[in-house]
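Working notes, structure below.
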Amino acid sequence: EKFEKTREVWCGIFRLDIPSLVFYGFFGTVKLSGLLALVGVCGASYEANLYGNICWLVLLLASVYHHLKKKESPVFVTACLAIVLLRLLIIVGAVEAAWHFLKAQNLMIAAAIVLAWLFAPFALFMTACDYLVAFKPSAAPEGLREKFEKTREVWCGIFRLDIPSLVFYGFFGTVKLSGLLALVGVFGASYEASLYGNICWLVLLLASVYHHLKKKESPVFVTACLAIVLLRLLIIVGAVEAAWHFLKAQNLMIAAAIVLAWLFAPFALFMTACDYLVAFKPSAAPEGL
């Protein structure tokens with residue numbers, strides 16, 4: 001049943017009724033040849049390795065797409081895609097080049113660069129979703145359109161304006177893209193550009209956490225992204241380096257106690273804020289809270 005839905009998705013895209021035998025026979029053969037190339041059965045040549053990698057990269061990208069199209073979780077295939085993509089970057093030499101580049105940098109600068117590129121795929125995905133819903137909503141999965149429509153309604157309700165989806169998501173997509181480009185250094189390696197990218201995404205993700213709670217959706221993914229961006233901001237403004245030097249000057253047990261206190265502080269602050277919100281402005285609190 002699951003595979004039949006997949007076949008229907010691709011038959012709908014290509015407007016052909018491809019028999020199951022032909023469809024899965026072809027893709028099974030492509031997958032097998034890619035796997036054999038990956039594990040070295042077709043030889044240890046660079047070309048065979050590259051073929052196996054690109055073959056599975058395309059197949060897994062397509063798999064992520066049709067999982068979303070069928071409203072199924074793409075977590076497993078996305079994890080597989082990450083493994084295959086990492087291997088591709090290794091065999092083309094990108095990982096080794098990046099490692100030598102990072103080793104030549106100051107530790108804090110290297111950490112900021114790594115966090116920016118760690119966050120970049122998620123930022124690119126969120127930006128692409130905004131542009132898709134803004135400029136070609138018919139191509140977006142129905143679940144994504146519904147989710148984004150609820151988000152738009154939340155913010156339109158706050159600002160008491162009915163902002164068209166094209167304007168709303170076109171604007172936020174552009175803001176996200178400019179912030180992402182600044183984060184990864186496309187606008188130069190200046191402190192100002194890096195700071196702009198960080199603050200831009202910090203504000204966007206704080207807003208995203210808020211509207212996820214408002215819509216009674218899990219904010220785990222956006223909160224994880226927020227943590228990455230916040231940590232990078234603390235690095236580039238020098239707070240992490242200053243804290244490190246301060247802790248090194250302390251007794252080990254005192255330093256551990258300080259770290260644990262600050263590790264706990266965000267959760268304590270969240271619980272405190274919830275108390276005050278319910279106490280002094282209950283109308284602004286999510287219904288579930």
Side-chain angles (χ1 to χ4, degrees), residues 82 86 89 94-126 175-176 178-213 218-281 285 289:
L86 177 59
L89 293 174
V95 171
E96 189 175 11
W99 175 247
H100 290 307
F101 170 74
L102 290 171
K103 280 208 299 184
Q105 309 301 315
N106 168 279
L107 179 61
M108 290 297 117
I109 292 173
I113 293 169
V114 168
L115 287 171
W117 283 99
L118 181 65
F119 173 65
F122 306 109
L124 189 61
F125 171 74
M126 289 185 271
V175 172
K176 286 175 181 175
S178 66
L180 173 59
L181 294 176
L183 270 183
V184 298
V186 173
F187 297 147
S190 70
Y191 173 76
E192 291 76 13
S194 196
L195 191 62
Y196 160 74
N198 243 120
I199 292 174
C200 171
W201 273 100
L202 191 69
V203 173
L204 287 165
L205 289 166
L206 280 168
S208 188
V209 169
Y210 169 78
H211 72 66
H212 271 75
L213 292 172
S218 171
V220 172
F221 170 69
V222 287
T223 304
C225 291
L226 177 63
I228 294 171
V229 170
L230 180 59
L231 177 58
R232 187 181 183 277
L233 179 62
L234 294 173
I235 288 171
I236 65 172
V237 299
V240 170
E241 190 170 14
W244 175 248
H245 289 308
F246 170 74
L247 290 171
K248 279 209 299 184
Q250 308 302 314
N251 170 280
L252 180 61
M253 291 299 108
I254 292 173
I258 292 169
V259 169
L260 289 171
W262 282 99
L263 187 63
F264 173 65
F267 305 107
L269 187 62
F270 172 74
M271 289 184 277
T272 305
C274 287
D275 280 1
Y276 279 137
L277 184 64
V278 172
F280 299 109
K281 203 173 180 185
L289 185 69

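Closest non-hydrogen pair, M108 versus V240, comes out as SD-CG1, 4.0 Å. Of all heavy-atom pairs between A268 and T272, the closest is O-OG1, 2.7 Å. Counting all heavy atoms, side chain and backbone alike, F246 lies closest to I258 at CE2-CD1, 3.8 Å. The heavy-atom pair separating I228 from L115 by the smallest distance is CG2-O, 3.7 Å. In terms of heavy atoms, L204 sits closest to K176 at CD1-CG, 3.5 Å. The shortest non-hydrogen separation linking S208 to V222 is OG-CG1, 3.2 Å.
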Mind listing the side-chain donor-acceptor pairs of residues 180-193 below 3.5 Å, one per line with the distance, residues two or more places apart or on another chain?
residue : atom : partner : partner atom : Å
S190    : OG   : A193    : N            : 3.2

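With rounding to the nearest 0.5 Å, the separation of SG in C225 from CG in L202 is 12.0 Å. Atom CG of L213 and atom OG1 of T223 lie 7.5 Å apart (nearest 0.5 Å). Atom CD1 of I236 is separated from atom CG of L231 by 11.0 Å, given to the nearest 0.5 angstrom.
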Start with the C-alpha gap between F119 and L205, add the side-chain angles, then the distance that decides, and say whether side-chain contact (heavy atoms from CB on, under 4.5 Å) holds. CA-CA 12 Å; F119 173 65; L205 289 166; 4.0 Å; yes
Please lay out, stage by stage, how L233 and L195 fare under the test side-chain contact (heavy atoms from CB on, under 4.5 Å). CA-CA 7 Å; L233 179 62; L195 191 62; 3.5 Å; yes
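With a 6.0 Å radius and a threshold of 12 heavy atoms from other residues, nucleotides or ligands, F125 has its CZ atom at or below the threshold.
Identified under the side-chain hydrogen bond (donor to acceptor under 3.5 Å, both in side chains) test for residues 226-253, with sequence neighbours left out: S194-R232, N198-R232.
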